[in-house]
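The structure appears below as structure tokens.
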Amino acid sequence: MDKPIGTNEPAWAENLVTTSLPQLAGNVETDVCVVGLGGSGLSCVHELLKLGQRAVGLDAGTVGGGAAGRNGGFLLAGTSAFYHEAVAALGRERARRIYEITLAEVGRIAAEVPLLVSRSGSVRLAASEGEERDCDAQLAAMRADGFPVERYDGAAGIGLVFPGDGTFNPLARCCQLARGAIELGASLHEQSRVESIVFGEVRTARGSVRCRHVIVAVDGGLEYLLPELAGRVRTARLQMLSTAPAPEVSIPRPVYSRYGYDYWQQLSDARVVIGGCRDRFRDAEWTTNPTPSDQVQSCIEHILRETLGVTQRVTHRWAASVSYCNGILPVLDQVRRGVWAIGGYNGTGNVIGAIYGRMVAQMAVNGSSPLHAQFMPQPGEKAEVGTVTPYSR
Ligand SMILES: Cc1cc2nc3c(=O)[nH]c(=O)nc-3n(C[C@H](O)[C@H](O)[C@H](O)COP(=O)(O)OP(=O)(O)OC[C@H]3O[C@@H](n4cnc5c(N)ncnc54)[C@H](O)[C@@H]3O)c2cc1C
């Protein structure tokens with residue numbers, strides 16, 4: 001393994017002007033306080049502004065400093081479960097509605113930050129004969145419902161191509177969303193860790209926000225900030241690394257393999273960004289410690305060298321916390337009076353997190369959300385069955 005790199009800085013931060021926002025100091029009053037300024041919280045802030053609300057956003061660290069700015073950069077339609085699994089668990093109609101909404105959301109994100117998104121499609125690569133059969137089942141279910149999917153049989157192996165998917169610089173998107181929200185009147189604060197939330201008041205070490213609603217949009221660590229959610233979500237660490245430009249390989253589309261446990265892509269400047277291996281050290285990775293570990297980093301580097309054939313040096317190693325829920329659909333709940341929570345994206349929150357951010361804003365302010373209604377079972381439809389996610393196998 002290359003020498004560990006100590007900064008825990010994601011490749012996405014390179015050449016990026018990040019935000020520098022004031023810490024919350026003193027007592028302020030607003031309509032809605034959003035806790036967590038990742039992709040989900042910022043999507044929520046924008047929706048609140050659209051709904052005519054005054055919004056204050058607080059982050060313990062920096063904008064996009066959690067998983068939202070430190071992830072693989074994949075924009076994948078669907079839930080954390082593959083489409084045929086979602087059909088089995090949610091029923092065909094409900095799975096179809098949700099897939100449609102997420103596919104549209106990839107387009108929405110591309111329209112929101114066009115310079116940061118590539119609609120490259122994505123590849124699911126089968127790592128075994130069993131997974132090839134699983135790809136066949138996914139292909140059949142998606143085709144039956146008219147969703148874009150093709151067989152992949154190429155240099156990298158056998159699998160599926162999803163032309164509707166894409167990639168982006170996730171940290172740059174967070175920074176852009178934060179700047180846009182401030183221009184529209186939101187008050188956002190970094191280095192402002194929320195220590196307690198009581199009805200109508202959010203407290204940090206140096207200030208407090210009095211408000212009608214609190215929305216907690218914290219993926220990793222959610223069950224610690226809101227202990228009511230312990231048992232429904234569980235925090236885990238995911239890790240990645242990136243290399244210097246690697247002209248010796250050509251990876252035209254982002255790839256995920258081994259049921260999504262391992263994933264990689266090559267950026268436009270030829271750097272390779274790769275993550276995964278969490279399942280190989282599952283016990284150790286159920287942790288709130290968001291720093292890279294030698295064993296997972298070595299495992300990822302093995303795939304980089306042996307499977308992808310990349311010889312360039314590793315330049316960045318990083319990790320972040322996410323949370324897993326008990327099923328396919330993440331948590332969206334009013335956990336205390338006036339306190340709402342979203343999270344538990346099962347390691348794939350870029351797209352669905354943005355949707356959940358909008359849904360929770362609508363629910364908190366209006367008491368209902370047409371978008372949320374689409375996610376819920378309609379009369380005659382079953383509630384979720386089973387607890388299959390790509391990460392709980
Ligand atoms: C290595 C890795 C790779 C991944 N790859 C992908 C991928 O390719 N595609 C995909 O869709 N998903 C991916 N994910 C998952 C995805 O990044 C997350 O699901 C998503 O970013 C969650 O966004 P969020 O805004 O809900 O949470 P976060 O980004 O975690 O934001 C929460 C924010 O809350 C703040 N916070 C926490 N506690 C407090 C507190 N007490 N007070 C105030 N603020 C607080 C944190 O500082 C953080 O900034 C990956 C995750 C990781 C870690």
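Everything numeric in this text was worked out from a predicted model, so none of it was measured. Order of listing sets the numbers, starting from 1, for every ligand and every atom in it.
The aromatic ring centres of Y256 and W264 sit 6.0 Å or more apart. Residues F162 and Y83 keep their aromatic ring centres 6.0 Å or farther apart.
Y324 carries R278 over the face of its six-membered ring, with the cationic atom under 6.0 Å from the centre and within 45° of the normal. Remark: R234 qualifies as a cation-pi partner of W286 under the 6.0 Å distance and 45° angle criteria applied to the six-membered ring.
By the criterion of a heavy-atom distance under 4.0 Å, both the backbone and the side chain of N71 are placed next to ligand 1. Of the heavy atoms in W318, none comes closer than 4.0 Å to ligand 1. Neither the backbone nor the side chain of A319 has a heavy atom within less than 4.0 Å of ligand 1. With a heavy-atom cut-off of 4.0 Å, R70 touches ligand 1 through its backbone alone. By the criterion of a heavy-atom distance under 4.0 Å, the side chain of V35, and not its backbone, is placed next to ligand 1.
At the shortest separation from atom 39 (C) of ligand 1 among protein heavy atoms lies A60 CB, 3.8 Å. Given atom 34 (O) of ligand 1, the protein heavy atom at minimum distance is G36 CA, 3.2 Å. Among protein heavy atoms, the minimum distance from atom 13 (C) of ligand 1 is reached at G347 O, 3.2 Å. Atom 30 (O) of ligand 1 has as its closest protein heavy atom A67 N, 3.3 Å. Here the heavy atom of the protein found nearest to atom 41 (N) of ligand 1 is V194 O, 3.2 Å.
Judged by the shortest distance from any of its heavy atoms, A217 lies inside the 4.0 Å radius around the atoms of ligand 1. Contact analysis puts D59 in contact with ligand 1, with a non-hydrogen atom separation below 4.0 angstrom. Residue G39 places a heavy atom under 4.0 Å from ligand 1. The shortest separation from a heavy atom of G353 to ligand 1 is not under 4.0 Å, leaving the residue out of contact. The shortest heavy-atom distance from G73 to ligand 1 is under 4.0 Å.
Taking distance alone, with nitrogen or oxygen atoms compared against 3.5 Å, F74 approaches ligand 1 more closely than that limit. Note: no N/O pair closer than 3.5 Å links G220 and ligand 1 by distance alone. Backbone and side-chain nitrogen or oxygen atoms of N350 are examined, and one is located within less than 3.5 angstrom of a nitrogen or oxygen of ligand 1. For a threshold of 3.5 Å applied to N or O pairs, the pair formed by M240 and ligand 1 contains no separation below that value. At least one N or O atom of A68, backbone or side chain, sits closer than 3.5 Å to an N or O atom of ligand 1.
Electrostatic pairing of E29 and R210 does not count as a salt bridge here, judged by no charged N lying under 4.0 Å from a carboxylate O. Of the charged side-chain nitrogens involved, none lies within less than 4.0 Å of a carboxylate oxygen, so that R151 and D153 do not count as a salt-bridged pair.
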### Task
For Q374 and I101, run side-chain contact (heavy atoms from CB on, under 4.5 Å): C-alpha distance rounded to whole Å, both residues' side-chain angles, the deciding distance at 0.1 Å, then the answer.
CA-CA 9 Å; Q374 300 286 312; I101 292 169; 3.4 Å; yes
### Message
For a salt bridge (charged side-chain N to carboxylate O under 4.0 Å, His left out) check, start with the C-alpha distance between R119 and D165, then their side-chain angles and the critical distance, and finish with the verdict.
### Response
CA-CA 6 Å; R119 288 305 284 277; D165 290 343; over 6 Å; no
### Task
Tell me, with the steps shown, if C135 and Y152 meet side-chain contact (heavy atoms from CB on, under 4.5 Å).
CA-CA 10 Å; C135 286; Y152 175 80; over 6 Å; no
#### Entry: Chi angles and distances behind the salt bridge (charged side-chain N to carboxylate O under 4.0 Å, His left out) call for R96, E93
CA-CA 5 Å; R96 192 194 54 72; E93 264 314 297; 2.8 Å; yes
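Between W318 and H316, the two ring planes are perpendicular [angle over 60°; tilted spans 30° to 60°].
Scanning both residues, C325 and N346, for their nearest heavy atoms gives N-OD1, 2.8 Å.
Considering S192, P10, S40, G349 only, the shortest heavy-atom separation from atom 23 (O) of ligand 1 involves S40. If you check each of V63, D219, V202, L75 against atom 27 (O) of ligand 1, the one with the closest non-hydrogen atom is D219. Among V218, V351, L42, the residue whose heavy atom sits closest to atom 38 (N) of ligand 1 is V218.
Partners of S120 according to the side chain to side chain donor-acceptor pair (under 3.5 Å) rule, which considers only residues two or more places apart in sequence or in another chain, do not exist here.
Near R193, with a cut-off below 4.0 Å to any heavy atom, the atoms of ligand 1 are 41 (N), 42 (N). The ligand atoms of ligand 1 that sit less than 4.0 angstrom from a heavy atom of Y263 are 1 (C), 2 (C), 3 (C). Of all atoms in ligand 1, listed by their number and element, those nearer than 4.0 Å to a heavy atom of G72 are 3 (C), 4 (C), 5 (N), 6 (C), 7 (C), 8 (O). Close approach to L225 involves these atoms of ligand 1, each under 4.0 Å from a residue heavy atom: 41 (N).
A side chain to side chain contact (heavy atoms under 4.5 Å, CB included) with S187 is found for exactly one of V56, I182, T30, namely V56.
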Anything under 3.5 Å between a donor and an acceptor, one on a side chain of residues 20-28, the other on a protein residue two or more places apart or in another chain? List them.
{"residue": "Q23", "atom": "OE1", "partner": "R206", "partner atom": "NH1", "Å": "2.6"}
{"residue": "Q23", "atom": "NE2", "partner": "Q191", "partner atom": "O", "Å": "2.9"}
{"residue": "N27", "atom": "OD1", "partner": "S208", "partner atom": "OG", "Å": "2.8"}

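One hydrophobic cluster holds both V32 and L371 under the rule that ILVMFWY side chains link at heavy-atom gaps under 4.5 Å.
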